[in-house]
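Whatever order the structure lists them in is the order used to number ligands and atoms, beginning at 1. Each residue takes its place number in the sequence, starting with 1. Keep in mind it's a predicted model, so treat the numbers as computed, not measured.
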Amino acid sequence: MNATERSIAAAEAHGAHNYHPLPVVVATAEGAWMTDVEGRRYLDMLAGYSALNFGHGNRRLLDAAKAQLERVTLTSRAFHHDRYAEFCTELAALCGKDMVLPMNTGAEAIETAIKTARKWGYRVKGVPDGRAKIIVADNNFHGRTTTIVSFSTDPEARADYGPYTPGFEIVPYGDLAALEAAIDEDTVAVLLEPIQGEAGVLVPPPGYLPGVRRLTTERNVLFIADEIQSALGRTGHTFACDHEDVVPDMYVLGKALGGGVVPVSAVAADRDVLGVFRPGEHGSTFGGNPLACAVALEVIAILKTGEYQERATRLGEHLHHELGLLVGTGAVQSVRGRGLWAGVDIAPSLGTGREVSERLMERGVLVKDTHGSTIRIAPPLVISKEDLDWGLEQLRAVLVG
Ligand SMILES: *Cc1c(COP(=O)(O)O)cnc(C)c1O
């Protein structure tokens, strides 16, 4: 056995099989490139599901993390620390909101959004106790907790985890009439991804997000945008909602907020919403820790330059143009997405998404399949045009020959 086989065998013997990774064992990474234990190099076209928007080993983020590592890394929220106020101020400003509540993983931030919406419903909207309803979309992905999988429509993500948390109603994504019909006097929130990532990078029809905004405002319902994967530069704007000039009541952020260095998530909202919490009512040991705040502050500083949003726009246009040419060959059935983010439906005759991903891996490109014959392309936003073109050449070679 070589080093790769030994590593995979040990992982399979002692790690639970809740993932099916491609058979590559990464040892180091820099920018948009990863190197495996055999010294082979791969172009990373997944970027940790957008957690690595600013690339592997980003110098500014590593320097910020290293400096903070030497000062203080954890206080718990029992005490104040000197990076917290700046983090809250800067993140709230980036979101155009009054307040933030930091957590660690995306799922925790979604749980926080759910708790916030329910508490707001009871304390502010006046919904009778125990009746709060949250409307979500089919094919959603909001994380893996027992409550969150309760409103998943993916049988793999949901089966065998009941009894499920009540209080959620599922409507078809992109269907405003269905959403309007589902809203009643007990509805406290609508929770949506502005672009559905795990579902295959599904972009809703134009006018949908503004329509959701209008309906939720009219009916006194919170609009919660799960921007965990879509925000922070990926689509060419700071938030995917920006494409349609929509401002939700609450942003849920994660992934790239931690710069691929540490898990950092948060919800951001105005005081009339996030102000519902009193001491002891919600929390996290690691949420808002000094190391997380230091890295996230550097992420926010990077985003404030607009450089990566601009790169994602410019390289994204190129990516979508090139993928469009593949649609012309018949090898690809359709392409969706915005910015440096694409869901590519491969002609099923050419193999499953998994098979295409394995063939790309053999050519030094790492992508991830999603349901059936779809692959996702989301390289780090630091990728050069030359590397992007090389990656697309490999895709063409695998699909067209
Ligand atoms: C990844 C993701 C989550 C969950 O984040 P974790 O950090 O894995 O818990 C939630 N919503 C969306 C849209 C995501 O992409």
In short, Val295 meets Leu61 closest at the heavy-atom pair O-CD2, 3.9 Å
Pick out which of Lys255, Arg234, Arg376 makes a side-chain hydrogen bond (donor to acceptor under 3.5 Å, both in side chains) with Ser50. Arg234
N/O to N/O below 3.5 Å, does that happen between Gly106 and ligand 1? yes
For salt bridge (Lys or Arg N to Asp or Glu O under 4.0 Å), just list the numbers for Arg363 and Glu393, CA-CA rounded to whole Å, side-chain angles, deciding distance to a tenth of an Å, and then say yes or no. CA-CA 10 Å; Arg363 289 179 159 270; Glu393 246 172 67; over 6 Å; no
Which heavy atom of the protein is the closest neighbour of atom 9 (O) of ligand 1, given with residue, atom name and distance? Ala107 N, 2.8 Å
Counting only heavy atoms, which portion of Ile228 has something under 4.0 Å from ligand 1: side chain, backbone, both, or neither? side chain
May I ask you to check whether Asp226 has an N/O atom sitting below 3.5 Å from an N/O atom of ligand 1? yes
Do ligand 1 and Gly143 have nitrogen or oxygen atoms that lie under 3.5 Å from each other? no
Indicate, as side chain, backbone, both or neither, the part of Glu108 found under 4.0 angstrom from ligand 1 when only non-hydrogen atoms are considered. neither
Which residue owns the protein heavy atom closest to atom 14 (C) of ligand 1, what's the atom, and how far is it? Lys255 NZ, 2.9 Å
Geometric class of the Tyr84/Phe87 ring pair [parallel <30°, tilted 30-60°, perpendicular >60°]: tilted
Given side chain to side chain donor-acceptor pair (under 3.5 Å), test Ser284 with Asn104 step by step and report yes or no. CA-CA 8 Å; Ser284 158; Asn104 311 284; 2.9 Å; yes
Less than 4.0 Å between atom 6 (P) of ligand 1 and some protein heavy atom, yes or no? yes
By the definition side-chain hydrogen bond (donor to acceptor under 3.5 Å, both in side chains), identify the one residue from Gln229, His371, Lys368 that meets it with Glu198. Gln229
Within a distance under 4.0 Å of any heavy atom of Glu193, pick out the atoms of ligand 1 and give their elements. 13 (C)
Is Gln229 in polar range of ligand 1, meaning some N or O pair under 3.5 Å apart? yes
Taking the non-hydrogen atoms of Tyr49, is any one of them nearer than 4.0 angstrom to ligand 1? no
How are the rings of His142 and Phe151 set to each other: parallel, tilted or perpendicular (split at 30° and 60°)? tilted
Please give me the minimum heavy-atom distance between Ala47 and Pro380, naming the atom from each residue. CB-N, 3.6 Å
Region of His142 that comes within reach of ligand 1 [heavy atoms, distance under 4.0 Å]: backbone
